[in-house]
There are 2 protein chains.
Amino acid sequence: MLLGPGDDAAVVAAQDGRVVVSTDLLVEGRHFRLDWSTAYDIGRKAAAQNLADIAAMGARPTALVVGLGMPADTALSWVDGLTEGLRDECALVGASVAGGDLASADFVVLGVTALGSLDGAAPVTRAGARPGQVVAVAGHLGYSAAGLALLLATDSGSEQAAARGSERSGRPLAEGSPWASSSARVSTALEEVVSAHRRPRPPYACGPEAARLGASAMMDVSDGLLQDLGHIAGASGVRIVLDPRAFAVDEPVALAAKEVGADPMDWVLAGGEDHALVAVFPEGVRLPPHWTVVGRVETGEGVTVTERDIRVGGWDHFRG
Amino acid sequence: MLLGPGDDAAVVAAQDGRVVVSTDLLVEGRHFRLDWSTAYDIGRKAAAQNLADIAAMGARPTALVVGLGMPADTALSWVDGLTEGLRDECALVGASVAGGDLASADFVVLGVTALGSLDGAAPVTRAGARPGQVVAVAGHLGYSAAGLALLLATDSGSEQAAARGSERSGRPLAEGSPWASSSARVSTALEEVVSAHRRPRPPYACGPEAARLGASAMMDVSDGLLQDLGHIAGASGVRIVLDPRAFAVDEPVALAAKEVGADPMDWVLAGGEDHALVAVFPEGVRLPPHWTVVGRVETGEGVTVTERDIRVGGWDHFRG
């Protein structure tokens, strides 16, 4: 950041003569709930999902600018919490909050724009996947969807109404979770996926790494793996075939699924908001262990999951 | 623009290794009214106020990214109109709409971020004004405030309610203005300031020009000349003294003031949203005719208007 907040505009370094830019609009009640997440968590998540878009181009995030709309009676401590969350998430990747704008609104709304640098590399788009290449994932899958399912399972109209009354003023509801009586191991696992829903952990460094490893296409998983791979398949004019046996269902996700009686593979394949990175690499590429090959590119169109039987067998079938 | 919409992020050229960035959040009912402005006008204005922030740094706007939140029943034609407005305003300066995000919201909200290039020049901040330098303005002053005053004068609860019923679906109310019976000359003038309120015309090229002419400080006039110069005075640690006789009150503004019984100098000095550029130049600078010297920088603090008597005398006093 060459010139920070406080002027009409900020000035950010873009050493290789290009800047990567992505924007998101986040609306209270649609993208976050004030009774489920603290201001700090909302800041972390708002930053994370934009910074992940930059990483998904193979770029390194450099700066964030944020427009914040909120009711006039919003507590200053809430704004401070949000700002701290934005700043801390940026700090994970060496980026800065370069500027912002405050506006009055009937509910909280965030306009977040992230900038990034390709550091001389070519951007990795959605359109470069070719038949014969392999599909690999880095980061978490299914955690955020599992956390959302647990939050929804514990949500009630009265709790929500009570929380709305104290919104923007304090911490969200934490007591009374149905899993409070579970074993410590289960409780810890369930807290982990709820925490992942509130504050995703995108594998930022894997974006530029994928570019260096020759990735031909990449996205961050924001809407669910199947849907996002559908965009790559469409833009590249190819068919993507996933092998469900290649996915490891992490224990916290599996335990959450057991808790609410869900199939964890649904969350792994269709859950959004973890902002894992999914990339397509040349056949024969040697990938570091944090990348898991989960499928391959073929001629054709669309996304297929081999041997996937969503209701019969369930996820244990694929682990055994 | 090196890579446009349709991927996780866009890639924009930043030839000199830096990018200027500014963001604004615009909320229905606060920053625009759907019964006063068409979608096209809202797009033009939303783009203009961000592009003007870039120009106010001495930079050339290169790209815009936009997050749009709106109710699910918003007409597609409304979105098309907005997009067209954003694009046409960008086209005035050779910039492009590089990307966007759509979200569901209870009302229309826009998160607009503009990028720009300094093309090798140093950014012109608010902090460089020095005693002995001169203050000059390029662009319109008082037009938008005059237009707002006319719109408010013709606004009634019932009209507003009726318009809310048809919002996002068609053109705003145009009939029934109290000045419809005025002479053609007056009507044209009044329409001009209303149009200026809906669609400001910032003097974009004057930003980089001011930088080339050695401007030591600059802002765009978004909140009113006195208030915005107060930011320059504060950031620079100087006092700014304006000479009200130096201001030309344009005829449309004068006629609008007469229509509603206002002092047009109030609008010129305190009206916002015209996005004129106000800059501080070294003493003795030779300025092109579209720059008007309106004051000087002294030691001290704050902003003073010499011989200004807001209520006694009025604007005619300063023209005679």
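Within every chain, numbering begins at 1; the chains are lettered A, B, ... in the order of the sequence lines, protein sequences first and strands thereafter. Keep in mind that this is a model prediction, so the values were computed, not measured.
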> Got a donor-acceptor contact below 3.5 angstrom from the B:D8 side chain to the A:M57 backbone?
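Looks like no, no N/O pair under 3.5 Å.
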
> Under 4.5 Å, counting heavy-atom pairs only, tell me which of B:T125, B:V21, B:V65 racks up the most with chain A.
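Top count of heavy-atom pairs under 4.5 Å with chain A: B:V21.
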
> Name the member of B:A105, B:A13, B:A56 that forms the most heavy-atom pairs with chain A at distances under 4.5 Å.
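Greatest number of close heavy-atom pairs with chain A: B:A105.
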
> Looking at A:D101 and B:L25, would you say the former's side chain and the latter's main chain have a donor-acceptor pair under 3.5 Å?
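Confirmed, A:D101 side chain pairs with B:L25 backbone.
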
> Does any backbone or side-chain atom of A:H31 lie under 4.5 Å from a heavy atom of chain B? Answer side chain, backbone, both or neither.
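For A:H31, side-chain heavy atoms alone lie under 4.5 Å from chain B.
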
> Counting only heavy atoms closer than 4.5 Å, note whether A:L115 contacts chain B via side chain, backbone, both or neither.
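The side chain, not the backbone.
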
> Which one wins on heavy-atom pair count under 4.5 Å against chain A: B:Q15, B:R30, B:H231, B:R18?
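Going by pairs under 4.5 Å, I would pick B:R30.
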
> Between A:V112 and chain B, which part of the residue has a heavy atom less than 4.5 Å away: side chain, backbone, both or neither?
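Looking at A:V112, nothing touches chain B.
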
> Do the side chains of A:V11 and B:V19 get nearer than 4.5 Å, heavy atoms only?
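A side-chain contact under 4.5 Å is absent here.
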
> From A:D7 CG over to B:R126 CZ, what is the distance, rounded to the nearest 0.5 angstrom?
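The CG atom of A:D7 sits 5.0 Å away from the CZ atom of B:R126.
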
> Find the one option among B:A98, B:G99, B:A55, B:S104 whose heavy-atom pairs under 4.5 Å with chain A are most numerous.
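Looking at each of B:A98, B:G99, B:A55, B:S104 in turn, B:S104 comes out on top.
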
> Flag the pair B:V66 / A:T23 as yes when at least one side-chain heavy-atom distance between them is below 4.5 Å, and no otherwise.
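Not touching, per the 4.5 Å side-chain cut-off.
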
> Given a strict heavy-atom distance threshold of 4.5 Å, which part of A:V20 is in contact with chain B: side chain, backbone, both, or neither?
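Both parts, backbone and side chain.
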
> Suppose we screen for ring-ring contact (aromatic ring centres under 6.0 Å, His included). Which residues come up paired with A:H140, at least two apart in sequence or across chains?
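Applying ring-ring contact (aromatic ring centres under 6.0 Å, His included) to A:H140 gives A:Y143.
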
> Anything in residues 215-230 of chain B with a heavy-atom distance to chain A below 4.5 Å? Please list those residues in order.
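Checking residues 215-230 of chain B against chain A gives B:M218, B:M219, B:D220.
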
> Taking all non-hydrogen atoms of both residues into account, name the closest pair between A:V27 and B:A103 and its distance.
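The pair with the smallest heavy-atom distance is CG2-CB, 4.4 Å.
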
> Quick one: which of A:A10, A:G116, A:G111 has the most heavy-atom pairs under 4.5 Å with chain B, could you say?
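The answer is A:A10.
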
> Rounded to the nearest 0.5 Å, how far apart are CG of A:D106 and CG of B:D106?
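Reported value, rounded in 0.5 Å steps: 9.0 Å.
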
> With a 4.5 angstrom heavy-atom cut-off, could you sort out which part of A:L102 is near chain B: side chain, backbone, both or neither?
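For A:L102, there is no contact with chain B at all, as no heavy atom is under 4.5 Å.
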
> Flag the one option from A:A14, A:A235, A:P123 with the top tally of heavy-atom pairs under 4.5 Å to chain B.
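Greatest number of close heavy-atom pairs with chain B: A:A14.
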
